[in-house]
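A short worksheet on the structure shown next.
Below, each value reflects all heavy atoms present in this structure, side chains not excepted, and no hydrogens, waters or symmetry copies.
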Amino acid sequence: MQVSLDTLILGARAGKLVSFPTDTVPALAAIPEQGELIYAAKQRSRDKPLILMAATAEEIWSFTTGSDQEYEIWHGVAKKYWPGTLTLVLPASKRVPQEIISISDGDCDPHKDKLTPDRTIGIRVPNCRIAQTILAQTGPLVTTSANLSGQPPLQTMAEISAQFPDVLTLAATELKDEVHGDGVPSTVVKWTGNNWQVLRQGATKIEIFS
C-alpha cells in the first residue's frame, strides 16, 4: 500500500510493517517490539538476524553493551563510516527484544543464561535523506531487505507494494528528489572482543581492521 510520508511514519509508530529507501537496498522495517512482522512477511528463518537502523549514532548505542574501551573503539569506527553502508555487529544490551537477537552457534545451550554476552545485534546509520527523516521521527527500527527469503532484494517501492500489499510503502510523489541506493547491501563487520571480523563485503569496501 503506497502512502504519504506522514502516514508511513504514523504507521511505523503504531507497530505496522513499513518500507522505505535507504542508501543500499530498500528496507522492510518495524519498531523493535514488532520484529516478528518482518520474519512472517519474508518467511524468514529465525537464525537470520535483523539490523537496527537509526537516524544518528547517539540513538543506537543503548541497544549495545561493552566496556569503556570497546565503546571508544566502536565510536571511532562509527565516526569514520557513518552515516553510510557499514553495519556493526556488537554485543546486544537488554534493551533489544529477545526475538530479534542473533545468538552464535556456541550459545544454543538451553541451560545457559539467555543474556549471555554472545548475543549480538547489527546496527547502522544510513546515508539517505528520506530514511533519516523517517528514523528521526520513529526512533530506531529493525530492518532487512524487502524480499521474500531467498529471493533477490526488490529495488522499487512499486515492486515492494506489489509483493507485500499490506506493507506501508512510500508513494512515488514522496521520492521525486530522492537519490536511490545503489542496490548493494551493506558491509557487515562483527566485533569479536579483540578486533573485527568481516562477515559480508558489501557497499563499503573494507579490510579487517583493529
Side-chain angles (χ1 to χ4, degrees), residues 8 12 17-30 32 35 38 41-42 44-45 47-61 63-64 73-90 92 100 102 120-136 138 140-160 163-164 167 169-170 174-192 195-210:
L8 185 142
L17 190 58
V18 302
S19 182
F20 52 84
T22 75
D23 49 350
T24 56
V25 295
L28 279 182
I38 295 178
K42 286 176 62 92
R44 184 180 176 92
S45 171
D47 62 2
K48 296 182 178 179
L50 304 176
I51 291 174
L52 191 68
M53 257 186 219
T56 66
E58 289 73 24
E59 293 181 274
I60 215 166
W61 295 120
F63 291 89
T64 68
I73 294 170
W74 302 343
H75 287 190
V77 173
K79 184 176 181 179
K80 182 176 181 180
Y81 290 98
W82 286 353
T85 57
L86 180 67
T87 295
L88 304 180
V89 178
L90 304 176
I100 64 171
S102 173
T120 58
I121 183 71
I123 60 173
R124 187 165 86 85
V125 176
N127 186 18
C128 173
R129 179 188 60 82
I130 198 78
Q132 289 200 4
T133 298
I134 292 167
L135 292 164
T138 61
L141 298 177
V142 287
T143 69
T144 185
S145 58
N147 56 281
L148 292 176
S149 187
Q151 296 186 5
L154 301 174
Q155 300 294 336
T156 69
M157 292 296 102
E159 291 174 337
I160 295 166
Q163 186 159 95
F164 300 100
V167 172
T169 61
L170 282 180
E174 301 284 359
L175 301 169
K176 289 184 294 184
D177 300 321
E178 186 61 36
V179 177
H180 294 285
D182 57 15
V184 179
S186 67
T187 294
V188 180
V189 297
K190 180 180 180 179
W191 179 249
T192 66
N195 51 31
W196 300 96
Q197 175 188 5
V198 177
L199 300 183
R200 180 178 70 195
Q201 284 282 7
T204 294
K205 300 305 178 185
I206 194 169
E207 301 296 331
I208 296 177
F209 52 89
S210 59

**Asked** Hey, what do you get for CD1 (I134) to CZ (F20), rounding to the nearest 0.5 Å?
**Response** 5.0 Å
**Message:** What I'd like to find out is whether the side chain of L148 reaches to under 4.5 Å of the side chain of Q163, using heavy atoms alone.
**Reply:** yes
**Item:** Polar side-chain atom of W191 near backbone of N195 as donor-acceptor pair, under 3.5 Å
**Value:** no
**Message:** Let me confirm one number: the CD1-CD1 distance from I123 to I60, rounded to the nearest 0.5 Å.
**Reply:** 4.5 Å
**Request:** Please tell me if the side chains of L88 and W196 come closer than 4.5 Å, counting only heavy atoms from C-beta onward.
**Result:** yes
**Message:** Do the side chains of D23 and R129 get close enough for a salt bridge, i.e. N-O under 4.0 angstrom?
**Reply:** no
**Message:** Ignoring hydrogens, what is the shortest heavy-atom contact between N147 and S145? Give both atom names and the distance.
**Reply:** OD1-OG, 2.5 Å
**Message:** Could you tell me if the side chain of T87 sits less than 4.5 Å from the side chain of L199, heavy atoms only?
**Reply:** no
**Request:** Evaluate the side-chain proximity of V188 to V89: yes if any heavy-atom separation is below 4.5 Å, no if none is.
**Result:** yes
**Asked** Are side-chain heavy atoms of V125 and Q132 found at a separation under 4.5 Å?
**Response** yes
**Prompt:** Does one side chain, of T85 or R124, offer a donor that lies under 3.5 Å from an acceptor on the other?
**Reply:** no
**Fill in**
Heavy-atom nearest pair, K42 first then L28, reads CG-CD1, 3.7 Å
**Asked** If you measure from OG1 on T204 to CD on Q201, what distance do you get to the nearest 0.5 Å?
**Response** 9.0 Å
**Prompt:** Considering only heavy atoms from C-beta outward, does the side chain of T56 approach that of W82 to under 4.5 Å?
**Reply:** no
**Prompt:** Side-chain contact, heavy-atom cut-off 4.5 Å: Q155 with P26?
**Reply:** yes
**Asked** Just wondering, do I38 and L17 contact through their side chains at under 4.5 Å, heavy atoms?
**Response** yes
**Prompt:** Just by modelled atom types, is the K48 backbone N or O under 3.5 Å from a matching donor or acceptor in the S45 side chain?
**Reply:** no
**Prompt:** By side-chain hydrogen bond (donor to acceptor under 3.5 Å, both in side chains), which residues pair with T143, not counting sequence neighbours?
**Reply:** none
